[in-house]
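Data first, discussion second: the structure below is written as structure tokens.
Only a predicted model underlies this, so the values are computations on that prediction, with no experimental measurement involved.
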Amino acid sequence: MTARSINHVALTVRDLPGMASFYEAALGLELLGSDQSTRRLGAAGQVLLELRHEPGAGRLDPCHAGLFHTAFLLPERADLGRWRRHAAANRVQLTGASDHGVSEALYLNDPEGNGIEIYWDRAPSEWVRDGDRIEMFTHRLDLPALSDASPGQWQGAPQGTTIGHVHLQVGDLGQADGFFQGELDLTRTFDGPGGAWYGWNGYHHQLAGNIWNSRGAGPRDLHMTGLAEVVISDPDRAGQVLTDPWGTPFRFV
């Protein structure tokens with residue numbers, strides 16, 4: 001089976017310079033390319049995020065289908081601890097911090113309300129599995145211990161940083177399940193109240209969907225800020241574009 005993964009995420013934004021500056025300063029992404037209407041940012045030459053300028057776009061509605069968060073996966077626990085100290089020193093406001101068993105994660109929002117997760121993974125040998133199912137939970141993260149175990153200073157997103165997963169807001173979990181498992185060939189790995197998690201190649205999840213804010217949501221207004229496109233690495237399906245039941249495009253490269 002091809003080792004599918006999330007290649008990058010595209011967002012529609014109203015303030016292109018301001019949003020690019022946020023991702024550079026707060027997350028340490030580097031500018032890898034730009035034109036009048038886009039900025040492409042990433043780490044070590046790999047594009048992870050594309051910002052598409054639409055100054056007249058409507059403002060993100062937190063009850064609509066679309067993005068819950070984009071999750072940036074760091075290579076090492078020490079990277080997460082260094083980023084946490086960088087965020088504190090630069091007054092980057094966090095919205096959460098959790099130990100999920102398979103990973104440790106910090107959460108925040110960008111200036112236009114898009115959710116962000118920054119995390120690292122424990123070794124897969126430490127994950128608790130039952131067939132295709134992988135145990136995950138949400139426990140309090142010990143922030144002082146994380147910082148204490150992370151010597152050195154944050155120098156920007158390190159080589160090996162990737163988009164580990166994308167978590168979506170959907171209108172109906174059954175419809176989402178049909179798309180994720182049927183069209184995207186994902187395996188359902190975990191269930192929680194109001195949400196479901198899906199992975200390829202034995203990973204805990206590259207995609208997830210929840211109805212916590214968006215139960216019953218209809219098709220998205222694609223001229224609204226927020227998620228514009230999810231780009232998936234899979235050379236066997238390169239060039240295909242699939243659209244979920246709420247209008248979000250998934251493009252294969």
Side-chain angles (χ1 to χ4, degrees), residues 4-6 9 27 62-63 65-85 87-88 92-109 114-150 160-177 179-181 184-215 227 230:
R4 299 184 188 96
S5 61
I6 305 297
V9 168
L27 271 66
C63 294
L67 184 67
F68 188 65
H69 61 237
T70 301
F72 295 85
L73 174 60
L74 300 178
E76 304 289 343
R77 187 173 194 245
D79 297 318
L80 186 64
R82 285 190 282 266
W83 183 81
R84 189 257 170 174
R85 290 203 306 274
V92 177
Q93 184 175 356
L94 300 183
T95 60
S98 298
D99 183 339
H100 293 301
V102 295
S103 63
E104 291 182 315
L106 301 172
Y107 298 90
L108 65 155
N109 292 324
N114 298 290
I116 298 168
E117 176 180 340
I118 302 178
Y119 76 113
W120 81 286
D121 276 331
R122 292 189 171 92
S125 60
E126 298 180 43
W127 303 352
V128 178
R129 298 179 183 269
D130 181 6
D132 291 332
R133 295 290 172 141
I134 299 173
E135 180 181 318
M136 290 183 272
F137 50 72
T138 299
H139 293 169
R140 179 179 175 274
L141 180 60
D142 187 340
L143 290 174
L146 177 65
S147 294
D148 291 345
S150 308
T161 301
T162 62
I163 301 295
H165 64 268
V166 178
H167 195 143
L168 301 175
Q169 296 192 164
V170 300
D172 178 81
L173 291 178
Q175 285 184 282
D177 186 78
F179 179 77
F180 291 155
Q181 295 204 76
L184 297 183
D185 198 26
L186 285 150
T187 297
R188 192 159 173 166
T189 57
F190 181 75
D191 295 285
W197 285 253
Y198 301 82
W200 292 298
N201 314 305
Y203 191 58
H204 54 75
H205 71 294
Q206 281 97 353
L207 285 166
N210 74 65
I211 54 171
W212 300 329
N213 302 313
S214 55
R215 183 189 298 270
L227 185 62
V230 178

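Applying the salt bridge (Lys or Arg N to Asp or Glu O under 4.0 Å) test to D99 and every residue at least two apart in sequence or in another chain returns R122. Residues passing the side-chain contact (heavy atoms from CB on, under 4.5 Å) test with L168 are V166, V170, F180, L227, D244, F250, sequence neighbours excluded. Residues satisfying the ring-ring contact (aromatic ring centres under 6.0 Å, His included) criterion with H204, sequence neighbours excluded, are W127. Scored by the side-chain contact (heavy atoms from CB on, under 4.5 Å) test, P62 finds no partners at all (sequence neighbours excluded). In this structure D191 satisfies the salt bridge (Lys or Arg N to Asp or Glu O under 4.0 Å) test together with R133, R188, sequence neighbours excluded. Every side-chain hydrogen bond (donor to acceptor under 3.5 Å, both in side chains) that T138 has, sequence neighbours left out, goes to H100. With sequence neighbours excluded, the residues satisfying side-chain contact (heavy atoms from CB on, under 4.5 Å) with T161 are A43, L48, L74, P75, A157, P158. Checked against side-chain contact (heavy atoms from CB on, under 4.5 Å), N213 has the following partners two or more places apart in sequence or in another chain: F68, Q169. Applying the salt bridge (Lys or Arg N to Asp or Glu O under 4.0 Å) test to E117 and every residue at least two apart in sequence or in another chain returns nothing.
Separating the CH2 atom in W83 from the CG atom in L146 is a distance of 10.5 Å, to the nearest 0.5 Å. Rounding to the nearest 0.5 Å gives a distance of 10.5 Å between CG of D148 and CG of L143. With rounding to the nearest 0.5 Å, the separation of CG in L186 from NE2 in H205 is 11.0 Å. To the nearest 0.5 angstrom, Y119 atom OH is 15.0 Å from L141 atom CG. Atoms OG1 and CG, on T70 and N114 in that order, are 7.0 Å from each other to the nearest 0.5 Å.
When atom types are taken as modelled, the side chain of R4 and the backbone of L184 share no donor-acceptor pair closer than 3.5 angstrom. The backbone N or O of A105 lies less than 3.5 Å from no partner atom in the side chain of S98, so there is not a single donor-acceptor pair. Side-chain atoms of E135 never come within 3.5 Å of backbone atoms of G101 as a donor-acceptor pair (strictly under, hydrogens ignored).
Separation of the H69 and Y107 ring centroids falls under the 6.0 Å cut-off.
By the 4.5 Å heavy-atom criterion applied to side chains, T189 and Y203 are not counted as neighbours.
Between H167 and W197, the ring planes are perpendicular. Angles over 60° get that label, and only those under 30° would be called parallel.
Screening L108, L27, L106 for a side-chain contact (heavy atoms from CB on, under 4.5 Å) involving V92 leaves a single residue, L108.
Among residues at least two apart or in separate chains, salt bridge (Lys or Arg N to Asp or Glu O under 4.0 Å) pairs with a member in residues 68-85 are R77-E104, D79-R82.
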